[in-house]
Amino acid sequence: MGKKALILILFILPLFSEVKYYPGKTPLISISLISPCGRADEEKSGALEEFFVYQKMRWDNEIFAVGGRTEFWVGADSSYFRVFTLKNYWQTSIKMIVSMIRDRGFESESLLNARTYLSLRNTLPGPRDFGIFLFYPLSRYARPYPSPSDFNRISTVDLVSLRKKCFSPSRVRIVVEGSYLGYLVKKRLTFPALIEKLPPMEEPPDRTPLKVGLLPSQKVFVVWYFKVIDPRDLCPLRYLLSSLAMEPGGLLQSVLRPFGKVDWGINYGRKISVGWIKVSSIPEDSVLKTISAGTRAIAGKLRVGLDKTEYERITRQFHGRAAYENSLPWQGFRREWRSFLMGDEGCSYLQVNSSLSDYPTRSISVLVGASEKILPVLVDRFSSVGVFDRRGKLLYQVSK
């Protein structure tokens, strides 16, 4: 009997929400719900965003009454919802998070308010977000941002299905941080799930990427994207991008100084991460020169690698940045969110150069922001160019 009970316990344990607790002295309490679902897992575009905004609208009066606020983020393959309240009103935030998992219906007035709000809001991806559209064109994984009209096409049945798929206790991670009554909070956030087979999450497809894309824009810019599917390559990529863009002395900063301003970053995902390096404020007639000079600089750096002095300098910068982030509040949430996404551990000098020397050119794409009149010039130079709208939808491809 003891052995059977142990097997039953081991089987049921994963069906409880994974809850992480970070007690602190802050006068606020933060509770976050992290889900492995993103735009790729939506049956209808905008369903996740509508679900989150519905929760904000439903609990708006109670959250406002206790001096709280909410925030959320939706990515290609992951998302989170956070609620903040004063520590004496932790019950409100707990009820809100629990309702997102347990409730089976949707209150009509709040849902209507959410759709009205979303139909008036026009959220668009920034240039740094377009890498996923170039690497996985015309796939669910690169689902474009929803338009205002998309939200009215989402039915209550769609939202119920989304909740069951993306917010079951066996999938979500809950992070509690701040000053709260530990035993009471743990009691409220511990509940079993039904034993059922859940549908698999969306996986990145194997697609031939677009080497060059055009986003019609009044502001002229060029963005290089770097795809990472092996977490071990994330740290070397950080060193590469920092080496190219750091001020002063970055290679791309030096090469492109006559053309514009250089910036970089990494969009971390659960299954795929995309690094980007952007050159902005350049004349439109200098786009081809910028692409050529920048691509040569990137290729040369991948081939040669970093020298020891450069590696040590960048390492000191990263340590300084990490120390600053650790001094900020809500370290627990940031730690859990990073661990949920593709890991980014440290790397040695040899690991950096070994990874960069093997980095595939198939994992690099370029986006140009300029007027459409530059399209024939780009096609003549690169043979094939994909044209996107502002939401990330691939409109058409032009080839020689």
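Computed from a prediction, not measured in an experiment: that's the story for all the values here.
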Charged N to carboxylate O below 4.0 Å: is that the case for Arg58 and Glu107? no
For Leu124, I'd like to know if atom CG has over 12 heavy atoms of other residues, nucleotides or ligands within 6.0 Å. yes
Is it true that, when you exclude Tyr117 itself, more than 12 heavy atoms of the residues, nucleotides or ligands shown sit nearer than 6.0 Å to its OH? no
From CA spacing to verdict: side chain to side chain donor-acceptor pair (under 3.5 Å), Gln55, Thr70: CA-CA 9 Å; Gln55 300 298 334; Thr70 58; over 6 Å; no
Heavy-atom nearest pair, Met96 first then Ser99, reads O-OG, 2.8 Å
Check the side chains of Asn326 and Arg334 for a donor-acceptor pair under 3.5 angstrom, ignoring hydrogens and angles. no
For Arg362, I'd like to know if atom CZ has over 12 heavy atoms of other residues, nucleotides or ligands within 6.0 Å. yes
What I want to check is whether the side chains of Ser242 and Arg321 have a donor and an acceptor closer together than 3.5 Å. no
Give a yes or no answer on whether the side chain of Asn267 reaches the backbone of Arg128 with a donor-acceptor pair at less than 3.5 Å. yes
Which pairs pass salt bridge (charged side-chain N to carboxylate O under 4.0 Å, His left out) with one or both residues in residues 265-275, sequence neighbours excluded? Glu203-Lys271
When you look at Val379 and Val212, which way does the side-chain contact (heavy atoms from CB on, under 4.5 Å) test go after all the steps? CA-CA 9 Å; Val379 174; Val212 179; over 6 Å; no
Min side-chain heavy-atom separation Tyr349-Lys308 under 4.5 Å: yes
So with a 6.0 Å cut-off around NZ of Lys400, is the heavy-atom count from everything else above 12? yes
Quick one: does NZ or CZ of Arg163 land under 6.0 Å from the six-membered ring centre of Phe106, within 45 degrees of the ring axis? yes
Which of these, Ile282, Thr295, Ile277, sits in a side-chain contact (heavy atoms from CB on, under 4.5 Å) with Val222? Ile282
Are Phe226 and Trp264 near enough that their ring centres are under 6.0 Å apart? no
Could you list the donor-acceptor pairs under 3.5 angstrom formed by side chains in residues 24-34, with sequence neighbours left out?
residue	atom	partner	partner atom	Å
Thr26	OG1	Leu28	N	3.2
Ser30	OG	Arg82	NH2	2.9
Ser32	OG	Arg82	NE	3.1

Count the heavy atoms belonging to other residues, nucleotides or ligands that lie under 6.0 Å from NZ of Lys393, then report whether that count exceeds 12. no
Side chain proximity check, Met246 to Ile314, heavy atoms < 4.5 angstrom: yes
Report yes if the distance between the aromatic ring centroids of Phe318 and Tyr239 is under 6.0 Å, otherwise no. yes
Close side-chain approach of Lys301 and Arg296, heavy atoms under 4.5 Å: no
When Ile, Leu, Val, Met, Phe, Trp and Tyr are grouped by side-chain heavy atoms lying under 4.5 Å apart, directly or through other members, which residues fall in the same group as Tyr324? Leu328
Tell me, with the steps shown, if Lys165 and Glu43 meet salt bridge (Lys or Arg N to Asp or Glu O under 4.0 Å). CA-CA 11 Å; Lys165 175 182 179 181; Glu43 295 303 320; 3.8 Å; yes
Test item: Leu210 and Leu394 side chains (from C-beta on) under 4.5 Å apart, heavy atoms: yes
I would like to know whether Leu240 and Leu237 meet side-chain contact (heavy atoms from CB on, under 4.5 Å); could you show each step before the answer? CA-CA 5 Å; Leu240 170 69; Leu237 179 63; 4.0 Å; yes
Step through the shown structure and confirm whether more than 12 heavy atoms of other residues, nucleotides or ligands are within 6.0 Å of CD on Glu109. no
Ion pair present between Asp158 and Lys44, side-chain N to carboxylate O less than 4.0 angstrom? yes
Centre-to-centre under 6.0 Å for Phe333 and Tyr22, is that the case here? no
Indicate the ring-plane relationship of Phe133 and Tyr145, choosing parallel, tilted or perpendicular according to the 30° and 60° boundaries. perpendicular
Does any donor atom in the side chain of Asp150 or Ser147 lie under 3.5 Å from an acceptor atom in the other side chain? yes
Quick one: do Arg338 and Glu336 make a salt bridge, cutoff under 4.0 Å? no
At their closest point, which heavy atom of Ser45 faces which heavy atom of Ile154, and how far apart are they? O-CD1, 3.6 Å
Using 4.0 Å as the upper bound for N to carboxylate O, is an ion pair formed by Lys20 and Glu18? yes
Tyr359 versus Asp233, side-chain donor and acceptor atoms under 3.5 Å: no
Is it true that Asp230 and Arg232 make a salt bridge, defined as a side-chain N closer than 4.0 Å to a carboxylate O? yes
Can you say whether the rings of Phe135 and Tyr225 are parallel (under 30°), tilted (30 to 60°) or perpendicular (over 60°)? perpendicular
Take the angle between the ring planes of Phe52 and Phe167 and call it parallel below 30°, perpendicular above 60°, tilted in between. perpendicular
Here's one to test your reading of the geometry: is the NZ or CZ of Lys186 within 45 degrees of the ring axis of Tyr21 and under 6.0 Å from its centre? yes
Give the intermediate values and the outcome of side chain to side chain donor-acceptor pair (under 3.5 Å) for residues Ser243 and Glu310. CA-CA 7 Å; Ser243 169; Glu310 190 177 21; 2.3 Å; yes
Salt bridge check: are Glu42 and Arg140 linked by an N-O gap of less than 4.0 Å? no
